[in-house]
Amino acid sequence: MKAFPDKYDAKAAEAALNARWADEKAFQWDPGAPADSDYVIDTPPPTVSGALHIGHVYSYTQADITARYMRMSGRNVLYPIGWDDNGLPTERLVEKVKKVRGGTMAREDFVALCKDVIPEYEQQFRDLFTRLALSVDWSREYQTISDESRTISQMSFLDLYHKGLLERRLEPSLWDPADRTALAQAEVEEIEREGKLNEIPFQIEGGGEPAVIATTRPELIGGCGALMIHPEHPRAQELVGKRAVSPLYNVPVPIIADEAVDPEKGTGMVMCCTFGDIQDINWWRAHRLPLRIVIDRAGKMVDQLEIGTDDWPSLNLEEARETIAALAGLKAAKAKEAILEILKEKGLLLAQKTTHQVVPVAERSGAPLEIIVTPQWFIKTLEFKDQILEKANEITWRPAYMKQRLESWVEGLKWDWLISRQRHFGVPLPVWYSKRAGEEGKMITPTADQLPVDPMTDLPEGYEAHEVEPERDVMDTWATSSVSPQLNTRAINEDYALDIDSHRRQFPMALRPQAHEIIRTWAFYTIVKALHHQNTVPWTNIAISGWCLAGDGSKMSKSKGNVVDPIKLLDQYGVDAVRFWTGTSRLGQDTALSENTLKQGKRVVNKLWNATKLAHMALKAADEAGALNPTTAREDIDSGAISHPLDQWLLGRLAETVKAATESFESYEYANAQRVIEDFFWRTYCDNYLEIVKRRTRFEGAPSPEDVSACLTLWHATDTIVRLYAPFTPYVTDSLYDVLYGDQDGAAATVHARGQWPKAQDQAEPGVNRAEGEAFTQILAAARKVKSEAQVSMKTPASTLTVVGDHDLSALIGETVEDLLAVTNAETAQTGDAPADAKAAGSPDERFTVALQLQPQEK
RNA sequence: GGGCGCGUAGCUCAGUUGGUUAGAGCACUACGUUGACAUCGUAGGGGUCACAAGUUCGAAUCUUGUCGCGCCCACCA
């Protein structure tokens, strides 16, 4: 046992222990351990976008608390770490740092800049995660853009492509005109705003009352292919079968009845354009309407419409051309204003109503989305909804109700998963298109052993550069991060593998920790990939963390100015205290950053230190007297070495705590574990037991058997408490562990090593001497209350302590009267009637009344 | 519109399968404290468990409904 250091310096401990853990490779996965002891975690690779926020601290600590417990409990934990360092957020960061725009430069040049900028920002994460004491295996660090990740990601592509689950299709898809790329359904957000619902007349061919449609997007009139009306609409009979003529463009379009038109909305008639929304696509397909594109990839009005042809006739071509010219090149929003002006001038804007509008926008850029027809790559999901839901059911969701988010997402899917992006920095789609005579447009893919490839610079085997056209698109980062388990197990399946043995052993994984806002992306996509590649689940458990909110329960955001800098927080409270705060949070639930709880964390660290310091004095003395030879609590009780009833009681309570904490951890309820540990440590151990045991720890020379009993108990309690707190407050516990074990041969170097969690079979009998211990603490509390009410010091001596009434004291509290006298500073104890000059108080459970004859204190 | 979560002390939250008198920390009040700890201790005050009805010997807990907050999904002319 080492000497006890004077003071605990959290910052110094953080630095020293990190160095030691790295040195000893304390958190490396052990390939030599049996496979059934593996516990593999699919760690979220944080997006390299330049932002460190408190949410990182919060959610990664939640995962680490569980990881540390799992390792201590004996599992062979593989806890990798990676960085998601390609895709739009990373492009944005690089553009900001380097003051460039990716779209205006050659791809290679931009990628070179990315590779230049990224390392610094990954180092920020590395520093933060190290300081946070994430017990990740740093030898398993990966990047989603590395050669190996690109290989695995392209393997995933090839497997799905050859299975027919991934295909290139020319069809309408969601388009972000600001970033000029296609998007997946999951990247759509909605904003609410005031809009204008415009009523505009369409003349009826052959005369008659015009059909008035209502639209919020008049700029799309040029793309109108039909006028839709509900079959029950009063004018349906009259109009269906006739043709309406679009204003300004004068294009005759069929009037079609369709149940999907809401007769209550607007005028009950609506134009179908290519494309205003998803309903337009449905009508376009169902009624085989013409494709009339009026908005380009930049979200601007096309200036050369092929209007005036047989397929796209106009009854007044001159006016149509004037309209086209007037709008040419304007962005959709400007074009809307312009066309409304024209309509107004010509008396064609019959009414305009303000309406509450929900507009789909791109999550990243915030730009309103367009639907545009472009060739894109899709992974099939729509026809697999049932299988996806089945797999979701095979996974244990923690908390269980979070599964419903995935279910409602899957049920609402409208698009296959679009993975191609018209961007610059991502994993390339491994495809070429042949230009050879006779096979023009044929898709050529590499073989697995040629990966990774960049079709822009590499060539397919047997082809010359002039014979192929490279695919220029890159994959969305989700297409790669959705194989994060496989990036770590190093294979997609039996057919596509870098290391099939590790994949067979480690896949599916044990745990995916992640936040709830990416259920519809990361969790969903990862499940889809595992289904398509191997018809399995990617992991058996998914633990969903909530958000970290500001102290007042509101969302943290830059605009509100309530963002907390994680580094400052760690400096102010110490990592252990911040982790303690995280440890009070529950999975799935948002947690407000609480100064109280952070302070409480600091108190716990301090209390752990001081309680151990007190115990250490006695332990050290007993050790030097050669009297401290602990085995396990159970054996020391069985052998008679721990003989005192209150020692056994304490260890019995400790055993109950170990049991409850273990059960909580096994069901991923670490907050409950922390609470029961805290309750035992502070209330039972510090407030009561440490006070009670002082009498038997201040021995001179050789300790008596009951002193030895006390010291052995202190040893087991201290040792076990340090282990119980270890997953939560790794620095102070490992510092204390080092004091207890640092110079012992054969002891593990760190409390965080595999197998260090207290074992049930080593504990005392849970609940042993519970009745005596409780009676004792109740009587003690009553005695304290007497002194508190008398407003005297707890040390005030009493000549007698009376447990009022007909009690058998030794039956109640065992042979512990001497302890009771010492801890209450009383001379004698008795039962029966209270002396006339005694002051009395009841115990908290009202079972006892305790009277003390207090002796006047001399100053 | 459908669904999920939450609503318990002034604040932040716990409350296991229904079971004596609903708990903790912070805050508040009083008192105490020269050897583990003022980052402390002891005691105290403070709750119609959102509301209503029901089931039950018994409800914070189960059922139904209402209200409020947050979120997910859908609609979106």
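Residue numbers begin at 1 in each chain, while the letters A, B, ... track the order of the sequences.
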Base, sugar-phosphate or nothing for Met617(A)? Non-hydrogen atoms, less than 4.0 Å. sugar-phosphate
Apply side chain to side chain donor-acceptor pair (under 3.5 Å) to Arg217(A) and list each qualifying residue two or more places apart in sequence or on a separate chain. Glu219(A), Glu370(A)
Once salt bridge (Lys or Arg N to Asp or Glu O under 4.0 Å) is applied, do any residues pair with Glu789(A), and if so which ones, sequence neighbours excluded? none
Using a 4.0 Å heavy-atom cut-off, does Val359(A) contact any base of the nucleic acid, only the sugar-phosphate backbone, or nothing at all? nothing
Side-chain donor/acceptor of Lys385(A) to backbone N/O of Glu411(A), under 3.5 Å: yes
Contact list for residues 259-282 of chain A, test ring pair (Phe, Tyr, Trp, His ring centres under 6.0 Å), sequence neighbours left out: Phe275(A)-Trp284(A)
Sorted by chain and residue number, the salt bridge (Lys or Arg N to Asp or Glu O under 4.0 Å) partners of Arg698(A) (sequence neighbours excluded) come out as none
Applying side chain to side chain donor-acceptor pair (under 3.5 Å) to Glu14(A) and not counting sequence neighbours gives Arg131(A)
C72(B) base / Gln404(A) side chain donor-acceptor hit below 3.5 Å: no
What pattern of brackets, bars and dots sums up RNA chain B from 5' to 3', given Watson-Crick or G-U wobble pairs under 3.5 Å, [ ] for crossing pairs and | for another strand? (((((((..((((.....[...)))).((((((....).))))).....(((((..]....))))))))))))....
Give every residue pair that meets the salt bridge (charged side-chain N to carboxylate O under 4.0 Å, His left out) criterion with at least one member in residues 680-692 of chain A, sequence neighbours excluded. Arg683(A)-Asp687(A), Glu691(A)-Lys694(A)
Report which part of the nucleic acid Lys265(A) touches: base, sugar-phosphate, or nothing (heavy-atom distance under 4.0 Å, all strands). base
Heavy atoms only, 4.0 Å cut-off, all strands: where does Thr216(A) land among base, sugar-phosphate and nothing? sugar-phosphate
Would you say Gln674(A) and Tyr725(A) are linked by a side-chain donor-acceptor pair, where the criterion is simply a distance under 3.5 Å? no
RNA chain B contacts among residues 584-594 of chain A, heavy-atom distance under 4.0 Å: Arg586(A), Gln589(A)
Would you classify Lys196(A) as touching base, sugar-phosphate or nothing, given that sugar-phosphate means primed atoms plus P, OP1 and OP2, and contacts are heavy atoms under 4.0 Å? nothing
Residue-phosphate contact under 4.0 Å: Lys613(A) side-chain N/O, U39(B) OP1/OP2: no
Using modelled atom types only, decide if a donor and an acceptor are shared between the side chain of Asn672(A) and the backbone of Ser664(A) within a distance under 3.5 Å. no
Judged by modelled atom types alone, do Trp547(A) and Glu517(A) share a side-chain donor-acceptor pair under 3.5 Å? yes
Identify, between Arg217(A) and Asp552(A), the residue whose nearest nucleotide on RNA chain B lies closer to the 5' end. Asp552(A)
Is Gly412(A) touching bases, backbone alone, or none of the nucleic acid, heavy atoms closer than 4.0 Å? sugar-phosphate
Could you pull out the protein-nucleic contacts involving nucleotides 17-23 of chain B (nitrogen or oxygen on both sides, under 3.5 Å)?
| residue | atom | partner | partner atom | Å |
| --- | --- | --- | --- | --- |
| U21(B) | O4 | Asp845(A) | O | 3.4 |
| U21(B) | O4 | Glu846(A) | OE1 | 3.2 |

Polar pairs (N or O, both sides) under 3.5 Å between protein and nucleotides 24-28 of chain B?
| residue | atom | partner | partner atom | Å |
| --- | --- | --- | --- | --- |
| G25(B) | OP1 | Arg683(A) | NH1 | 2.9 |
| G25(B) | O3' | Arg603(A) | NH2 | 3.3 |
| G25(B) | O2' | Gln600(A) | OE1 | 3.2 |
| C26(B) | OP1 | Arg603(A) | NH1 | 3.3 |
| C26(B) | O2' | Asn596(A) | OD1 | 2.6 |
| C26(B) | O2' | Asn596(A) | ND2 | 3.1 |

Taking only residues two or more places apart in sequence or in another chain, which ones pass side chain to side chain donor-acceptor pair (under 3.5 Å) with Asp845(A)? Ser843(A)
For Glu691(A), report the nucleic acid contact type (base, sugar-phosphate, nothing); a contact means any heavy atom under 4.0 Å. base
Those residues that, when tested against Glu595(A), pass side chain to side chain donor-acceptor pair (under 3.5 Å) (two or more places apart): none
Taking only side-chain nitrogens and oxygens of Lys607(A), does any of them come within less than 4.0 Å of OP1 or OP2 of C40(B)? no
Test log, rule salt bridge (charged side-chain N to carboxylate O under 4.0 Å, His left out), inputs Arg398(A) and Glu669(A): CA-CA 9 Å; Arg398(A) 303 177 186 276; Glu669(A) 289 169 12; over 6 Å; no
Candidates A36(B), U39(B), U42(B) - which lies nearest the side chain of Arg784(A): U42(B)
